[in-house]
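In each ligand, atom 1 is the first atom listed, and ligand 1 is the first ligand listed.
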Amino acid sequence: MSTFGIYVQVPFCQTKCTYCNFHTGVVSSDRFAPYIQAVQQEIANARTLYDALPLSATKHLLDLPVDTLYIGGGTPSLLDPQLLRDFLDTIRNNFHPDWREVTLEADPETIEPAKARHWAASGINRISFGSQSFVDVELKAAGRMHRAADIYNAVPILRGAGIHNISFDLIAGLPKQTDASWRHSLSETIALSPEHISIYMMEIDEGSRLGLEVLQGGPRYSAGELPTEEAMTEFYELAQHELKAAGYEQYEISNWAKPGFASRHNLKYWRRERYLGFGAGAHSFSGAQRWANIHDANTYVSAINSGKPPMESVESVTSEAALEEELFLGLRQTAGIDLSRVQRQYGIDLHEKVSRLAARGMVEQQGDTLRLSPHSLHVSNEVLVELLR
Ligand code: SF4
């Protein structure tokens with residue numbers, strides 16, 4: 001039976017990390033409850049909202065079972081657990097939950113035994129844990145609130161509360177990171193044996209304070225101590241090697257899991273399956289249309305409170321755009337792209353281009369499946385450009 005996923009955005013943090021370019025804010029905790037009430041309102045009014053916009057074809061989604069829920073941010077683990085529980089009840093009361101995976105993003109320093117027990121009792125069964133590094137000078141330079149000790153404290157608390165699916169995030173390319181410190185973060189992660197690990201390459205752009213310092217100069221955010229591109233590539237390749245040796249399967253460019261623990265929710269994004277997003281800046285995809293909510297949390301809450309739709313853009317996905325998404329997302333996954341299906345669905349034969357790329361060692365073809373070769377996983381954009389040329 002068809003299902004869909006729900007994403008909820010909680011755009012609040014305790015501080016702003018130096019490398020962060022997300023639409024998140026550091027606000028008083030007094031703002032949390034009114035924001036969550038607005039998201040509850042958006043959920044309760046979804047049917048009417050979709051009628052008022054060119055989204056009426058989406059209404060049928062609301063009658064399908066919801067099998068994944070992902071509460072991300074920001075730092076949703078800052079919310080009072082009772083507020084979170086009431087919120088989960090709103091989702092239960094307005095949809096048809098058949099939840100297989102309910103993820104909460106949590107920062108290590110926010111995790112306490114009572115909170116974790118409350119989360120588990122509310123139905124949360126997966127924690128995506130912003131560990132980022134096990135080296136305090138790196139965490140401090142990046143403006144993170146937690147230290148390595150918080151990670152070691154948090155994991156047994158979560159396990160003790162009955163949460164058996166934990167995902168760790170690590171960042172390759174933090175200021176002050178070295179080969180030795182990266183090896184340390186990797187080995188400490190593996191030693192704690194999470195079910196899932198995401199490794200993100202540091203992205204530098206003018207949307208973060210660190211990015212601005214790289215462009216404009218200055219000593220404040222340690223931009224001068226960023227690892228080189230070559231070092232980051234080596235970090236990534238070392239992670240591929242170490243995680244494989246520890247029994248993790250890489251299923252996406254940035255994601256590894258123990259068998260059976262690939263993220264069901266995130267796979268929906270990569271497989272172009274349907275999901276609805278609620279909250280400021282949340283994105284949705286119905287299979288035919290994509291839409292996004294207003295990014296600014298205050299403007300979002302005002303729109304909801306005055307009965308206006310919170311969407312700021314709605315677009316139909318053309319066949320050309322759908323093909324581009326298929327290839328881009330397919331290349332990110334180790335499952336690869338089914339060339340015959342692409343040919344049937346989009347009327348495009350990629351075999352000749354694939355042969356040329358395979359001759360250059362960038363991709364591998366096995367029967368009708370196209371995959372990036374393992375050492376080309378970080379140059380997927382180059383391959384995409386060649387396939388669409
Ligand atoms: S915790 Fe995450 S969302 Fe919040 S500021 Fe840091 S990187 Fe950005």
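- By the 4.0 Å heavy-atom criterion, Val26 is excluded from the residues contacting ligand 1.
- For the pair Lys308 (side chain) and Ser302 (backbone), a donor-acceptor distance under 3.5 Å is absent.
- Ligand-side atoms of ligand 1 in range of Phe22: 3 (S), range being under 4.0 angstrom from any heavy atom.
- A salt bridge does not link Glu213 with Arg220: every distance from a Lys NZ or Arg NE/NH1/NH2 to an Asp or Glu carboxylate oxygen is 4.0 Å or more.
- Here the heavy atom of the protein found nearest to atom 6 (Fe) of ligand 1 is Cys17 SG, 2.3 Å.
- Protein heavy atom nearest atom 3 (S) of ligand 1, with residue, atom name and distance: Gly74 N, 3.4 Å.
- In summary, Cys20 places an N/O/S atom under 2.8 Å from atom 8 (Fe) of ligand 1, meeting the contact criterion.
- In the vicinity of Asp107, heavy-atom distances shorter than 4.0 Å reach the ligand 1 atoms 1 (S).
- For the residue pair Gln14/Glu109, the side-chain donor-acceptor check at 3.5 Å is satisfied.
- One finds no salt bridge joining Arg85 and Asp89 here, because no Lys/Arg side-chain nitrogen approaches an Asp/Glu carboxylate oxygen to under 4.0 Å.
- Salt bridge Asp368/Arg341: absent, no basic N to carboxylate O contact under 4.0 Å.
- Under the 4.5 Å side-chain criterion, counting only non-hydrogen atoms from C-beta, Leu350 is not in contact with Leu370.
- By the 4.0 Å heavy-atom criterion, Gln14 is excluded from the residues contacting ligand 1.
- Among all non-hydrogen protein atoms, the one lying nearest atom 2 (Fe) of ligand 1 is Arg144 NH1, 4.1 Å.
- The distance from ligand 1 to the heavy atoms of Thr15 drops below 4.0 Å at these ligand atoms: 5 (S).
- Each of the atoms 1 (S), 3 (S), 4 (Fe), 5 (S) of ligand 1 lies under 4.0 Å from some heavy atom of Cys13.
- Linking Ile, Leu, Val, Met, Phe, Trp and Tyr whenever their side-chain heavy atoms come within less than 4.5 Å puts Leu78 and Ile127 in one cluster.
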